[in-house]
Every structure is written in C-alpha cells, then in structure tokens.
Amino acid sequence: MDIKGSTNIVGLIGHPVEHSFSPPMHNAAFKKLNMDYAYVAFDVNPKDLKNAINGACGLNINGFNVTIPHKIDVMNYLDEIDGVAQLIGAVNTIDFKNLKGYNTDGIGAIKAIEEVTSVKDKNVLVAGAGGASRAISFYLAKYGVNSLTILNRNTQKADNLIGDVLKSELITNAKSDSISKINDYIKDTDILINTTPVGMYPNIDDNPITTSEFMHEDLVVFDAVYNPLETTLLKQAIKAGAKPVYGIKMLLYQGAESFEIWTGKKAPIDVMEEALKNTLNLG
Ligand code: ATR
C-alpha cells in the first residue's frame, strides 16, 4: 500500500502502543479492498490527550481507536457519545466525521459469540466485573438476553455493575453473586463468558474458573483471554462437548466494527483474521 498525497489516516492512541495488533489488521483490510487509507499507532502521554484529539481534528484524521489509559478520559473531548458507550462509560473508537465516540469492545464479544449462537433470549453467566465485563454486559443487555448473572471475587464490584446495568433499563432479569458459586450456575446457563485473566499467558496452567464436569453439551463458552488461543477453560469446554468461542474473535470483531464506522464499508473479516493471527503469532 503506497502512502500518497491523498491517503486517509486512521489510527490508535494509547500509552504504550508499540505491541498493538491493530495496525497490521486494519492495513491488511485496506490493502485487500484497495482503499487509500493507512492505520498508524500514536503513543500519547495522558497529559497530551486533549492536544492529541484537537490535533487530529486539525489534521483531518478520519478515525481513532483508543486504548489504555485513555478510554474514559477521551470522552471529555468528544462532541457526541453513542448511547451504549455512554452507559459503559468508555470509548474505544472515534469517528472524526462528527467527533463521536463508540465502544466496539462489547459489540466485538457479541459478534464473536454470534458466530456460534444468537445471544437473544439466552441465559448468560459472566465471570469478572472489570472493564471488559462492563463493556460486554451492557451489550448483552442491549441484544436482549433473557438473564444476565455476573460473578466476581469482589462481590461488591459485581453488585455495582449489575446495579448500573439494571439502571439502564435494557434488562430486568439480572443479578450478581460470588465467583466461588460458579459451578452451581452453569447447569442453567446457555452462554458462559470469562472476562477474568485466569488462564492468560504466562499462567496458562492455573486452575480454570470451572471444569468440564460442570458443563453441558448445549453450553457455549467464550473466553476473552486470547493468549493462548486455546485456554484451559476452552479445552475443558471442548472436552465436555460444549462449543468454544475464542478470545481472538473479540479482537477481530471490535476491529471490524471500528473499520465499518470509519469507512462505511463492510470489513473483510477473513484477511483481518489472518493478519491478526500472524501478528499475535500464537499457537
Ligand atoms: P479488564 O479490563 O480486562 O476487565 P480489570 O478491569 O482489571 O480487567 O478486571 C479484571 C477482573 O478479573 C476483575 O473482575 C477481577 O476480580 P476482582 O474484582 O475480584 O479483583 C477478576 N480477576 C482477576 N484475577 C482473578 C482471579 N485470579 N480469579 C478470579 N477473578 C479474577
């Protein structure tokens, strides 16, 4: 892909950014569709965030992804925030056409799961109550799950998140509990989602949050951990005859959604997935 006088720029702001998988994934998509775009990563110190957004407006940059530590603070510098992103309280995508912020992390998880099953009317169990759980939980509510149960070590955090989700009025059937009770819940669960770092490299052999004997064949298990590609939790799901959904798919679909927001074109999923796998170089 040649950079020309006419090339449109999109990119990532974060701190740090040098290990991001997003530039190769998006640039592979632009190349495939022969689009005059380039995706670059900008390391932005938190004290320079406002200048970075104003500068991007001045430079006619088309779009940004936003990562740690800017996802919350960046909302101060936008003109408009998508409704669900507002509820989540974090933005990972900016469209400079209208200086509007979106959160495609949660959509990414829904789309990953929907490769296997629809989330509508399902009973969903989410382990963890941090940032990833928050983004995913509001989208589960928006996409019409029957019930949402959030389990966490720190139960107060799960209570608070469920309180916020209920306040949104996107769902009425939602509750929280201790993650120590996870095995009691799985029998009545259609979709289990792990948002905790349990099983993440280098702690790949740590005890998973649950094991195959508690799972059933109609269960879908999504692990937001993507390194390793196949976590111990997903191995347990396969052993039980349940359907695994790999964490890398969430990265893929959050990127695809951002791509579509910026360009208005359908994202070429297959090339993006191949580029993502090559970059992460995971076995
Ligand atoms: P992220 O942005 O990836 O969601 P986070 O906001 O730090 O990361 O949230 C991590 C979540 O994983 C939290 O819910 C955390 O539980 P606590 O709130 O009780 O700390 C959970 N978590 C982290 N390590 C865990 C472990 N070893 N077992 C169970 N839960 C764990």
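Atoms within a ligand are numbered from 1 in the order they appear, just like the ligands themselves.
Enumerated by chain and number, the residues approaching ligand 1 to less than 4.0 Å through a heavy atom are Gly128, Ala129, Gly130, Gly131, Ala132, Asn152, Arg153, Asn154, Lys157, Thr196, Pro197, Val198.
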Steps toward side-chain contact (heavy atoms from CB on, under 4.5 Å) verdict (Asn152, Ser176): CA-CA 8 Å; Asn152 203 39; Ser176 51; over 6 Å; no

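A donor-acceptor contact shorter than 3.5 Å links the side chain of Glu260 to the backbone of Ala267.
Between Trp262 and His26, the ring planes are tilted. Angles from 30° to 60° get that label.
Residues in residues 77-108 take part in these ring-ring contact (aromatic ring centres under 6.0 Å, His included) pairs, two or more places apart or across chains: Phe64-Phe96.
Partners of Asp164 by side-chain hydrogen bond (donor to acceptor under 3.5 Å, both in side chains), not counting sequence neighbours, listed by chain and number: Arg134. For Lys187, there are no salt bridge (Lys or Arg N to Asp or Glu O under 4.0 Å) partners, not counting sequence neighbours.
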